[in-house]
**Q** 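Quick one: the structure is below, and I'll ask about it shortly.
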Amino acid sequence: MNYPTNPLFNNNNSQQDQMNRLKGTTGLALKFKNGALVVADRRASMGSFTASKHAKKVHKVNDYTGIGIAGSVSDAQALVDLLRSELRLYQLENNFEPSIKVAGSLLATIMHGSFRRFQPWWVQLLVAGVDRRGSHVYVLGPDGSISDEDFFAIGSGTLLSIGVLEHSYKPDLDKEKAKDLAIAALKTSLARDNATGNGIDGLIFFKDEDQVVTEEIHIDM
Amino acid sequence: MFAPKGLGYDRGSTIFSPDGRLFQVEYAIEAVKRGTTAIGIKTSEGCILAVQKRLHTTLIEKEMVKKIFAIDDHIAVAIAGLTADARILVNQARVQAQIYQITYNESITVENLTHRIADVKQAYTQHAGVRPFGVSLIIAGVDEIKGPQLFMTEPSGSYWGYRAAAIGSGTPIIVEDLEKSYLKISETLQEGILVALKALQKVSDDKLDPDMVEIAVISSSDRKLNYYNSIDILNLIKQIKKKEE
């Protein structure tokens, strides 16, 4: 039985043990006609314990790029801060804005380098946003893998949410339909996954007359 | 015995002369004095940086010649002296600003950043096998708590806070002017910009060309750096002309 172990004070740091700690979250991202969105729940769990009811899992790194996180909270926070600074430096050094592909590739490079040195960033990430090349969603794993997707989910509710997306997703959804689908897919995990819950946060990026506009999603439960 | 006074003490940059001078540092300061003029002015509404550009040949793309660099959203530097040396310090300053941001989750203060740049410059007056940076920086920004801040660093690594500062070849004339007029200009950004432009006009050989001037402003209201384009600058030059008439 593994119920009473508190991961904070647990000496058993086996990979299996870390995997158990990792998975409490559902985050998902999808592309739509003129934009992309990323949403996630608000529960942070340590085993069966809900460590936070208002964890921030969707982060804005610049005016048009959002990150969804799952896994080790400390690793994810440090990585998002690092990415935000690296993108700022990229902009200052090149005098143009970093694309979503640049943000994703940089993260993959950082994560793969650490993985190769046996100190992986213990996270799954979604990178979603809109740039001059259009809307993008990238998914990254702790091994530094990166893939370009139309829609994807991360965390413990992955299978539940992706089932809903797989059934109803169409590439030419408008913003409201995309938002509704994302929330419906996330709510499936909220209902059926123990480690997902306590509400929804999200970011929607869409193009409005050549300007990228951001809209926030906040749903209390 | 018959050698001129101080001979040999300018070979290594980190060797004192008998009367306590570091010749290489003094030569670096000399390089700054020969550089293009840069002005920084602090007002209660924010900070202004204004610089003069110099072209070796008219074939150079004017907009590629840059003397004001953004360090973060709320800080910029203007340079005089060796541009290549300045670029190295600018790169390091940008990284330092981000290191501070990540470590403390707040934006770096202008003085803290100045201190970090000055530390690098100082190290290059003390270590063996290196030469000092031949560049002075005017560092301007708006702090979250202290508001508008203006600093100037020398090749030696010393720095001071200023209400208005000038570096480069036009310094003696401009400083004399600013000392007389500062109390009158300290209030608004608009006034400060005009004073800066007038000062540049005074030290340039011929008429002020909007493409040969760079102006950037960091306003207290949004703590954001904004560059003026050549049309803005042309309008300001016209404004000055009107006032003079």
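A note on names: the letters A, B, ... follow the listed sequences, proteins ahead of strands, and every chain is numbered from 1.
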**Q** Please tabulate, one pair per line, the N or O donor-acceptor pairs under 3.5 Å between chain A and chain B.
**A**
{"residue": "A/S85", "atom": "OG", "partner": "B/Q98", "partner atom": "OE1", "Å": "2.5"}
{"residue": "A/R88", "atom": "NE", "partner": "B/D73", "partner atom": "OD1", "Å": "3.4"}
{"residue": "A/R88", "atom": "NH2", "partner": "B/D73", "partner atom": "OD1", "Å": "3.0"}
{"residue": "A/L92", "atom": "O", "partner": "B/R94", "partner atom": "NH1", "Å": "3.3"}

**Q** So which part of B/I99 gets closer than 4.5 Å to some heavy atom of chain A, the side chain, the backbone, both or neither?
**A**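 Contact with chain A is absent: no heavy atom of B/I99 under 4.5 Å.
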**Q** Is the NZ atom of A/K101 crowded by more than 12 outside heavy atoms at less than 6.0 Å?
**A**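 Incorrect, the count does not exceed 12.
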**Q** Please look at B/V90 and chain A and tell me whether the side chain, the backbone, both or neither of the residue comes under 4.5 angstrom of a heavy atom of that chain.
**A**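 It is neither, since no heavy atom gets under 4.5 Å.
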**Q** Could you work out, with side-chain hydrogen bond (donor to acceptor under 3.5 Å, both in side chains) as the rule, every residue matching A/R42, not counting sequence neighbours?
**A**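 A/R42 satisfies side-chain hydrogen bond (donor to acceptor under 3.5 Å, both in side chains) with A/D201, A/D220 once adjacent residues are dropped.
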**Q** With a 4.5 angstrom heavy-atom cut-off, which part of A/L92 approaches chain B: side chain, backbone, both or neither?
**A** both
**Q** Please report the shortest heavy-atom distance between A/L89 and B/V95, naming the atom on each side.
**A**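 Scanning both residues, the minimum pair turns out to be CD2-N, 4.0 Å.
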